[in-house]
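Right, one structure below, let's go through it.
Below, all heavy atoms of this structure are taken into account, side chains as well, without hydrogens, waters or symmetry copies.
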Amino acid sequence: MWIIFLQFVLMTLIYLISIPAIYYFTDVRRPPEWLDFKPFSCRKCLTFWTLLGISLVIGLSFDWIYFMFEGIILAVATTYALYLDQKNKTIKV
């Protein structure tokens, strides 16, 4: 039972570290010219692929199914929330 709790805490820490880091990389600092294409220049794209990649690599490496599912759910939910936020902030002409 403690391993499931460890997986939950680890994915939560990865999520809480990666979201501000991705915001800083895409919106504050801007990626270098050789990385200035999607998914590296798009915040929601980079968020989705980073969370999905981390959760799949760690989950498959250690055979942590709950970690993978939590990561996939967080990636999809966060990307959808960023999509809605972008849609609501866009001015319609």
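Between Thr12 and Glu70, some side-chain heavy-atom pair lies under the 4.5 Å cut-off.
Under a cut-off of 6.0 angstrom, the local environment of CZ in Phe25 is crowded, with over 12 non-hydrogen atoms contributed by other residues, nucleotides or ligands. Within a 6.0 Å radius of CZ in Phe8, no more than 12 heavy atoms belonging to other residues, nucleotides or ligands are found.
Of all heavy-atom pairs spanning Ser41 and Pro31, the tightest one is CA-CG, 4.1 Å. Pro20 and Ile17 make their closest contact through CD-O, 3.5 Å (heavy atoms, listed as atom of the first residue, atom of the second, distance). The nearest pair of heavy atoms linking Ser55 to Gly71 is CB-CA, 3.5 Å.
By the criterion of side-chain heavy atoms lying less than 4.5 angstrom apart, applied directly or through intervening Ile, Leu, Val, Met, Phe, Trp or Tyr residues, Met1 is grouped together with Met11 in one hydrophobic cluster. Using a 4.5 Å cut-off between side-chain heavy atoms of Ile, Leu, Val, Met, Phe, Trp and Tyr, with links allowed through other members, Leu46 and Leu84 fall into different hydrophobic clusters.
For the side chain to side chain contact (heavy atoms under 4.5 Å, CB included) with Ile54, the lone residue among Val57, Thr50, Leu56, Leu51 that qualifies is Thr50. When each of Leu82, Leu74, Thr47 is paired with Ile19, the side chain to side chain contact (heavy atoms under 4.5 Å, CB included) condition holds for Thr47 and for no other.
A distance of 14.5 Å separates NZ of Lys38 from CZ of Arg43, quoted to the nearest 0.5 Å. From Met68, atom CE reaches atom CG of Leu52 across 10.5 Å, with rounding to the nearest 0.5 Å. The CZ atom of Phe67 lies 11.0 Å from the CG atom of Leu60; values are rounded to the nearest 0.5 Å. Note that CG of Asp63 is 5.5 Å distant from CD1 of Ile65, once rounded to the nearest 0.5 Å. We find the OG1-CG distance between Thr26 and Leu35 to be 12.5 Å, quoted to the nearest 0.5 Å. One finds the CG atom of Leu10 at 9.0 Å from the CZ atom of Phe62 (value rounded to the nearest 0.5 Å).
Judged purely by distance below 3.5 Å, without hydrogens or angles, the side chains of Thr78 and Tyr15 pair a donor atom with an acceptor atom.
Between the side chain of Asp36 and the backbone N or O of Pro32 there is no donor-acceptor pair closer than 3.5 Å.
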> Hey, mind stepping through Val76 and Phe48 against side-chain contact (heavy atoms from CB on, under 4.5 Å) and telling me if it holds?
Replying inline: CA-CA 7 Å; Val76 170; Phe48 176 75; 4.1 Å; yes
>> side-chain contact (heavy atoms from CB on, under 4.5 Å), that's the test. Do Ile4 and Trp64 meet it? Break it down for me.
In response: CA-CA 8 Å; Ile4 296 172; Trp64 289 352; over 6 Å; no
